[in-house]
Protein chains: 2
Amino acid sequence: MTQPTAQANQASQEALPRQHRHYSIGELARMFEVTPRTIRFYEQEGLLAPRREGQKRIYREKDRVRLKLTLRGKRLGFSLAEIREVVMMYDAMPDGNARQLWRLLEILADKRANLERQLEDIRLMRLELDDVDHRAREVLRNLGHEA
Amino acid sequence: MTQPTAQANQASQEALPRQHRHYSIGELARMFEVTPRTIRFYEQEGLLAPRREGQKRIYREKDRVRLKLTLRGKRLGFSLAEIREVVMMYDAMPDGNARQLWRLLEILADKRANLERQLEDIRLMRLELDDVDHRAREVLRNLGHEA
DNA sequence: CAAGCACTTTACGTTAACGTAAACCTCGTC
DNA sequence: GACGAGGTTTACGTTAACGTAAAGTGCTTG
């Protein structure tokens, strides 16, 4: 009764252009292979801020993108606090004062430096893996000849 | 008295070829900017196994390399358990049976896949950072013109 | 209307990776 | 012989990032 918006759009989700779609927490969870708990946790940590329709959380396209970015950050080893730092400042940008913006640039440079080091680490790690791989195959070959 | 090896090499550390040097826990800690506690913890987790000279831990070149690899793995977001998995199998390689070796190859492929995904993640993350950076500078420029 | 989903809140539990503190040895040196 | 710098063990504390369980709400479907 108090939510007149809930009556019009029922099963028409598929037809809507992606920009205007919205998602339930379960949908998002399945999309990204995380649990609803995780998504709620990210909200609690200030990384997401979905609308409500009554009790239920309604996620819009923007929220989906944020979640995607968050998970990508996680895969790269960033903490939720670090991710939030960037994400929130990004949102505060339009009306941000100069100090905040400079601070943001600082943080960005920092993250970038981090990424560059990771690239180097990956390069080196690859070499190590190749090496171990070669040795292992070698040993396997010899085992074959002995038997 | 019980350690006759301790008498010969006192201050001659610098002159020794790197292969034969050995390190105290404090030295290693400073080299890699971690605490001794961290190094002891890694030992306890089976990632390091230094010699003892009486009570004290003596780290050889091999240990130093292991620590380096461990920390690199950590920077890439691997857990100590994952790192141990590779490191220990690497050591067990020479006399490893075929099953173990195949398992090792499996793990290596897994890690490599992980690295490849990280590369893609880094590429995307860089683009995002560039974007935010550009916007921030834009806003700053406009602030300058207003004031 | 009972049953079954999908969602909600609240709250306590868990794991990894160390930090921190206390209490002790052991050496070179002042 | 006191002492400071480094090392040792033991053990409890902490933080991040969720997991898990309990109990309730709201819809729709047989």
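Atom set for the values below is all heavy atoms of this structure, side chains included, hydrogens, waters and symmetry mates excluded. A note on names: the letters A, B, ... follow the listed sequences, proteins ahead of strands, and every chain is numbered from 1.
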Give the nucleotide from the list [options] with an atom nearest to the side chain of [X].
X: Leu80(B); options: dC7(C), dA17(C), dT20(D); result: dA17(C)
X: Phe41(B); options: dA17(C), dG19(C), dG7(D); result: dA17(C)
X: Arg52(A); options: dT20(C), dA11(C), dT8(C); result: dT8(C)
X: Lys74(B); options: dA17(C), dT8(D), dC18(D); result: dA17(C)
X: Thr35(A); options: dC18(C), dG19(D), dC18(D); result: dG19(D)
X: Arg37(B); options: dG19(C), dA17(D), dC7(C); result: dG19(C)

>> Using 0.5 Å steps for rounding, measure from the CD atom of Glu45(B) to the OG1 atom of Thr70(B).
In response: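 Between Glu45(B) CD and Thr70(B) OG1, I get 11.5 Å after rounding to 0.5 Å.
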
[N] phosphate, OP1 or OP2, under 4.0 Å from [X] side-chain N/O:
X: Thr38(A); N: dA17(D); answer: no
X: Arg40(B); N: dT8(D); answer: yes
X: Tyr42(B); N: dA17(C); answer: no
X: Lys56(B); N: dC25(C); answer: no

> Of Glu61(B), Arg30(B), Arg60(B), which is the lone residue that meets side-chain hydrogen bond (donor to acceptor under 3.5 Å, both in side chains) with Tyr23(B)?
Replying inline: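 In the set Glu61(B), Arg30(B), Arg60(B), the residue that makes a side-chain hydrogen bond (donor to acceptor under 3.5 Å, both in side chains) with Tyr23(B) is Glu61(B).
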
May I have the distance from [X] (atom [atom1]) to [N] (atom [atom2]), rounded to whole angstrom?
X: Ile25(B); N: dC25(C); atom1: CD1; atom2: P; result: 20 Å
X: Gln44(A); N: dA16(D); atom1: CD; atom2: P; result: 12 Å
X: Ile39(B); N: dA17(C); atom1: CD1; atom2: C1'; result: 15 Å
X: Glu82(A); N: dT15(D); atom1: CD; atom2: P; result: 17 Å
X: Leu47(A); N: dC18(D); atom1: CG; atom2: P; result: 10 Å
X: Phe32(A); N: dA17(D); atom1: CZ; atom2: P; result: 19 Å
X: Ile83(A); N: dC18(D); atom1: CD1; atom2: P; result: 9 Å
X: Arg75(B); N: dA17(C); atom1: CZ; atom2: P; result: 16 Å

> Is there a donor in the side chain of Glu27(A) and an acceptor in the side chain of Tyr59(A), or the other way round, less than 3.5 Å apart?
Replying inline: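 On atom types as modelled, these side chains do not qualify, holding no pair under 3.5 Å.
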
> Going by an N to O cut-off under 4.0 Å, is there a salt bridge joining Arg112(B) and Asp130(A)?
Replying inline: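 A salt bridge links Arg112(B) with Asp130(A).
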
> Could Asp91(B) and Lys62(B) be called an ion pair, given the rule that one side-chain N must be under 4.0 Å from one carboxylate O?
Replying inline: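 Yes.
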
